[in-house]
Amino acid sequence: MSKKTIQVYDRPAGGWGALKSVAQQIFEQGIPAKGARTLLSANQPDGFDCPGCAWPDKDHTSTFEFCENGAKAVAAESTARRATPELISQHTVAYLAAQPDFWLENLGRLTQPMQYDPASDRYQTVSWEQAFELVAERLNALPSPNDAIFYTSGRASNEAAFLYQLFVREFGTNNFPDCSNMCHEPSGFAMRESVGIGKGTVLLSDFHVAEAIFIFGQNPGTNHPRMLGELREASKRGAAIVSFNPLRERGLEKFQDPQSTIEMIADKATSISSSYHQVKIGGDLAAVKGIIKCTLEADQAAQAAGKPRVIDVDFIAEHTANFDAFAADVLAEPWDVIVTESGLTREQIQRSADIYMKAKSVIACWGMGITQHKHSVATIQMIVNMLLLRGNIGRPGAGPCPVRGHSNVQGDRTMGIYEKPSPAFLDRLGQVFDFTPPRENGYDTVGAIGAMLAEPNKVFFALGGNFATATPDTDATHKALRNCALTVHVTTKLNRSHLVHGREALILPCLGRTEIDMQETGPQAVSVEDSMSMVHLSSGINAPASKHLLSEPMIVARLAAATLKNRSKTPWMSLVADYDRIRDKIAMVLDDFADFNNRVKVPGGFHLRNTASERVWNTATKKANFKAHRVPTDLPIHRAREKHGRQVFNLSTTRSHDQYNTTIYGMNDRYRGVFGERRVLFINKEDIEQLGMKAGSWVDIESLGEDGVHREAKRFMLVEYNIPRGCLASYFPETNNLVPLSSFADFARTPTSKSIPVLLTPHQAKETASAVH
Ligand SMILES: Nc1nc2c(c(=O)[nH]1)N[C@H]1C(S)=C(S)[C@@H](COP(=O)(O)OP(=O)(O)OC[C@H]3O[C@@H](n4cnc5c(=O)[nH]c(N)nc54)[C@H](O)[C@@H]3O)O[C@H]1N2
Ligand SMILES: Nc1nc2c(c(=O)[nH]1)N[C@H]1C(S)=C(S)[C@@H](COP(=O)(O)OP(=O)(O)OC[C@H]3O[C@@H](n4cnc5c(=O)[nH]c(N)nc54)[C@H](O)[C@@H]3O)O[C@H]1N2
Ligand SMILES: [Mo]
């Protein structure tokens with residue numbers, strides 16, 4: 001464990017620090033020889049898709065692209081450590097549950113299916129056969145199929161996800177909460193209304209020609225390190241990069257590319273952002289509306305002076321609807337509201353607008369800093385409005401680019417992991433597999449927690465992920481899971497969700513993506529879809545972590561066969577004998593996957609059709625819609641400040657550099673200068689002074705939810721940081737308990753993990769040093 005220190009990190013992102021960190025991780029996971037070969041096979045035509053993020057691969061035939069956090073994700077999966085039954089059953093679940101997440105992760109890969117034994121409070125081995133029979137029996141005994149809930153995390157392959165949604169729908173429910181419900185759900189919702197498709201329209205090639213790239217609420221240095229390579233190239237050729245982020249993030253400032261011999265040897269770096277705007281948390285809608293206002297005002301002035309128009313009038317006339325009402329709304333929005341709510345000066349907004357207006361092509365990227373607020377959908381639609389103004393969609397170098405998280409989260413949705421499936425999709429699924437799919441919408445993540453809380457005895461099944469820790473309102477979620485009759489987790493490693501379990505519980509260990517998936521007809525490849533809609537194959541290269549592991553498609557198929565028995569006409573076991581057969585079925589259900597097997601076998605795969613990128617608008621108006629939204633001035637943070645005064649802070653929960661969502665790799669956050677500690681709270685210097693405290697003091701955080709429930713998180717260290725006044729940042733998942741279940745994005749229902757009104761009080765130190773983990 002590293003020493004606890006806080007210091008300013010003045011090095012660029014990437015560089016030698018990245019190489020050192022990876023070397024250390026490979027050493028700690030005990031994978032000396034194999035490690036290097038495994039890393040070199042990530043994102044290669046005959047290798048596996050990196051289980052890190054959803055950023056696309058440069059070119060499948062290009063050389064190895066180094067990525068620190070991709071390497072950490074791969075190393076974590078190919079660890080030499082094994083969480084054997086002997087190791088797990090040595091401890092009671094009560095003991096395991098008392099250990100930190102970091103400790104659980106470090107037990108290594110699970111090797112055999114295990115079942116919870118209440119008499120001894122331990123997990124004990126169980127055969128696969130018995131495990132499937134148990135789940136089948138419990139599912140079939142439920143009063144209604146809607147009493148079962150089937151969660152998915154975004155690592156599941158297309159093949160696994162397709163079989164899973166088919167099984168669950170043949171079983172009879174659309175209860176598909178998924179990680180997307182906590183992630184880019186608002187992007188899909190907002191874009192479907194605005195441009196008729198819920199996915200980004202740009203390709204990597206657009207990054208090569210864009211004249212300006214706007215980045216909202218994203219920390220690519222940590223979460224999409226390979227994106228920095230593209231930004232570095234863009235910066236070098238003179239493209240403007242404009243970042244909006246309350247925190248100064250190192251990766252958005254300077255990057256030293258570990259692949260560039262010159263930068264590494266000369267210890268040079270490339271500047272990334274040409275301008276950096278520290279918006280207030282939740283202030284992006286106001287900022288973007290301000291940019292649009294400047295653009296419209298400039299257009300009016302140009303028109304009055306008889307100069308060329310600033311906005312793309314031809315595009316607007318031919319391709320869009322609702323422009324006039326939208327423009328009137330923007331022009332009526334007072335500047336003082338825009339300035340106050342964005343936290344930026346009018347000059348800063350004007351400068352951003354000048355860059356926007358000057359650039360012939362603009363890409364807008366965004367991440368969780370945009371999607372996890374109450375007004376996320378409105379903010380995303382405002383970003384799309386900005387692009388539409390100058391026709392920045394459906395032409396080279398321009399377009400919206402929501403940067404997805406999990407490596408196949410976009411593909412899982414394409415495959416039908418969705419609680420609100422379209423009637424057309426269900427019709428086709430029913431025809432191809434000869435059954436009657438359920439029509440009623442299912443539960444999303446927030447809905448599923450509510451339902452498990454309200455009614456006991458549900459069956460909760462998870463294909464990957466860590467539901468207990470990733471979800472909001474930890475106390476409520478844990479209660480919900482404990483309320484279940486049965487909880488089942490398909491997983492690679494032990495995590496908290498297995499320890500916060502139902503009356504009965506199973507852990508089903510599966511192959512990881514780096515491993516060879518051998519089935520009856522030989523080794524199998526799976527397919528994934530990245531953030532830019534490229535679909536390609538992934539084949540594991542390592543021997544499985546244990547001979548008892550099953551692949552995810554096999555687990556789903558065997559469970560379906562056990563549960564549905566002769567109710568199903570689907571040839572489950574034949575499908576998993578050869579995944580080409582699954583892909584043939586996918587092609588029969590989804591037109592965009594016609595000739596799937598042949599197209600996906602080309603190195604690099606193929607690009608899924610994206611209608612908006614062709615300027616075909618699948619919206620109700622058959623046009624791209626301008627959507628008017630007032631700058632919100634009555635959000636929970638405003639109401640909390642009205643009630644409790646100005647000492648209320650807005651807390652945003654974010655990722656450290658040493659974690660993958662709920663998986664904690666280490667205790668450092670190198671680029672933010674934090675070492676050896678995760679219970680930290682980033683805060684402005686003047687706010688620390690006003691609180692009468694000092695950097696390094698410990699505080700408790702009280703959440704000011706509007707449902708009257710008391711929520712708090714104890715013992716966080718104040719870290720002085722370059723962040724606007726009134727704003728705080730801390731790590732997820734330590735702060736998840738502060739997010740009320742009832743606080744979520746309008747329409748899309750993502751928990752508001754990036755804007756939690758809180759109060760701080762000094763922590764009354766009772767703990768001893770042992771409480772520091
Ligand atoms: N190494 C690594 N890679 C990952 C992940 C990981 O945990 N580790 N997670 C994966 C997943 S599932 C996802 S979704 C992505 C997440 O990747 P990101 O979208 O980068 O997610 P966060 O780390 O939550 O960071 C969000 C950024 O938004 C900023 N921010 C917070 N509030 C606001 C706001 O109101 N406005 C603006 N403009 N900015 C704000 C924060 O300061 C931070 O820089 O990464 C994926 N890749
Ligand atoms: N407060 C707060 N909460 C958040 C967020 C936030 O920014 N702030 N971010 C949200 C976001 S964007 C997301 S996407 C969710 C993430 O929610 P999840 O996807 O549920 O969480 P992960 O931590 O990614 O899941 C990690 C677990 O997946 C399992 N796993 C790993 N690889 C495999 C595999 O190949 N197969 C299977 N079956 N299992 C595997 C391991 O058991 C590991 O412990 O969290 C959300 N929660
Ligand atoms: Mo995510």
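We count ligands from 1, going down the list as the structure has it; atoms in each ligand are counted the same way. Owing to the predicted nature of the structure, the values given are computational and were not obtained by experimental measurement.
- In this structure a side-chain-to-backbone donor-acceptor pair under 3.5 Å is missing from Asn69 to Asn223.
- Only side-chain heavy atoms of Glu552 come within less than 4.0 Å of ligand 2; its backbone N, CA, C and O stay farther off.
- The contact set between ligand 2 and Lys493, taken as ligand atoms under 4.0 Å from a residue heavy atom, comprises 42 (O).
- The side-chain heavy atoms of Phe255 and Pro225, taken from C-beta on, include no pair separated by under 4.5 Å.
- Of all atoms in ligand 2, numbered sequentially from 1 with element shown, those under 4.0 Å from a heavy atom of Gly464 are 37 (C), 38 (N), 39 (N).
- Here is the list of ligand 2 atoms found below 4.0 Å of a heavy atom in Thr491: 38 (N), 39 (N), 41 (C), 42 (O).
- Checked by atom type and distance alone, the side chain of His184 pairs as donor or acceptor with a backbone atom of Val403 at under 3.5 Å.
- Of all atoms in ligand 2, listed by their number and element, those nearer than 4.0 Å to a heavy atom of Cys510 are 36 (N), 37 (C), 38 (N).
- Taking the side chain as every heavy atom from C-beta outward, Tyr731 and Val680 approach each other to under 4.5 Å.
- Taking the six-membered ring where tryptophan is involved, the planes of Phe176 and Tyr164 are perpendicular, since the angle between them exceeds 60° and thus also 30°.
- Contact atoms of ligand 2 toward Tyr151: 17 (O), 18 (P), 19 (O), 20 (O) (distance under 4.0 Å to a heavy atom of the residue).
- For ligand 1, the protein residues placed under 4.0 Å by at least one non-hydrogen atom are Cys53, Asn69, Cys183, Gly217, Gln218, Asn219, Thr222, Asn223, His224, Phe244, Asn245, Pro246, Leu247, Glu249, Val279, Ile281, Gly282, Asp284, Gly367, Met368, Gly369, His373, Gly405, His406, Ser652, Thr654, Arg655, Gln659, Tyr660, Asn661, Lys754.
- The main-chain N or O of Ile370 is never found under 3.5 Å from a side-chain atom of Thr379 such that the two would form a donor-acceptor pair.
- Each of Asp473, Asn737, Asn736 was scored for a side chain to side chain donor-acceptor pair (under 3.5 Å) with Arg711, with one residue passing: Asp473.
- Taking 4.0 Å as the cut-off, Val490 counts as a neighbour of ligand 2 on heavy-atom distance.
- Contact record, Met368 with Cys183: CE-SG, 3.5 Å, taken as the closest heavy-atom pair.
- Ser243 is not listed as a side-chain neighbour of Glu253, based on a closest heavy-atom distance of 4.5 Å or more.
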